[in-house]
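Order of listing sets the numbers, starting from 1, for every ligand and every atom in it.
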Amino acid sequence: QTEFGVQLFLMSCCVCSSLSLSVSSAATFVVNVTQSSYEAEENHSITLEWTFTTKTQGSYRELFIYCEANTDHGVFVLYHVHEGVEIPDSQDDQFSGRVQSDKDVLREGRIRLHVSRLRTEDSGLYLCDVKTEDGFNSGRCRLNITAAADQIQTQRPTLTPEQERGRWIIIFIIFITVGLTAFLMVV
Ligand SMILES: *[C@@H]1O[C@H](CO)[C@@H](O)[C@H](O)[C@H]1NC(C)=O
Ligand SMILES: *[C@@H]1O[C@H](CO)[C@@H](O)[C@H](O)[C@H]1NC(C)=O
Ligand SMILES: *[C@@H]1O[C@H](CO)[C@@H](O)[C@H](O)[C@H]1NC(C)=O
């Protein structure tokens, strides 16, 4: 029975220490967004930025970053760093050739992603998960891409069937009026 008591004691110790460990790392390691929402026009470009806790001395030995876009058309990877090395192959076709990262600012704890030739379907929730030996956290921001203004203006207004019928009735009335006037004049 004492053996069981000791085991129970050890188990609760384990649970307690792992709990306090996860709480303290969650409290000290953060990922922030510099802006929680962005607005941009189609075909323009934008720079999204996240910041994460850096060490007071040196840089991280382990650095894992995973950034993805959660859109109406699916979830797409736009940036991936594995053990401090960028993995361009992980990027989805949706973003290929459109995302430029600033690798120099990574050691300052900044993820800067320049996304160009924006499409309306890029709109969505952008999130970056960051993991280092200090902990794990993630930050998210919203991106809203609006269609270019000139494209909206050049779109022809489409008529409803009622409007279409109304147009034909007006043309018919004009035709009859003109015809009748001509007939009366001849008479
Ligand atoms: C994250 O945001 C909090 C609150 O604004 C701030 O105190 C902290 O310094 C920021 N940390 C980083 C790494 O940007
Ligand atoms: C996106 O921007 C448009 C135009 O400014 C606005 O009408 C719409 O509500 C925005 N959508 C979101 C999800 O913020
Ligand atoms: C955006 O770029 C695409 C491809 O280059 C082009 O076809 C489209 O007309 C452009 N749209 C606007 C509104 O400039």
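- In terms of heavy atoms, Cys67 sits closest to Ile111 at SG-CG2, 4.5 Å.
- A salt bridge does not link Glu86 with Lys103: none of the charged nitrogens is closer than 4.0 Å to a carboxylate oxygen.
- A salt bridge between Lys55 and Glu133 is present, with a side-chain N of the basic residue lying under 4.0 Å from a carboxylate O of the acidic one.
- Across every non-hydrogen atom of Phe95 and Val77, the tightest pair is CD1-O, 3.8 Å.
- There is no protein heavy atom closer than 4.0 angstrom to atom 9 (O) of ligand 1.
- Closest to atom 14 (O) of ligand 1 by heavy atom, among Asn137, Thr51, Thr54, Thr53, is Thr51.
- Atom 4 (C) of ligand 1 is never approached by the protein to below 4.0 angstrom, counting heavy atoms only.
- Checked by distance only, ligand 1 and Asn32 come closer than 3.5 Å through their nitrogen or oxygen atoms.
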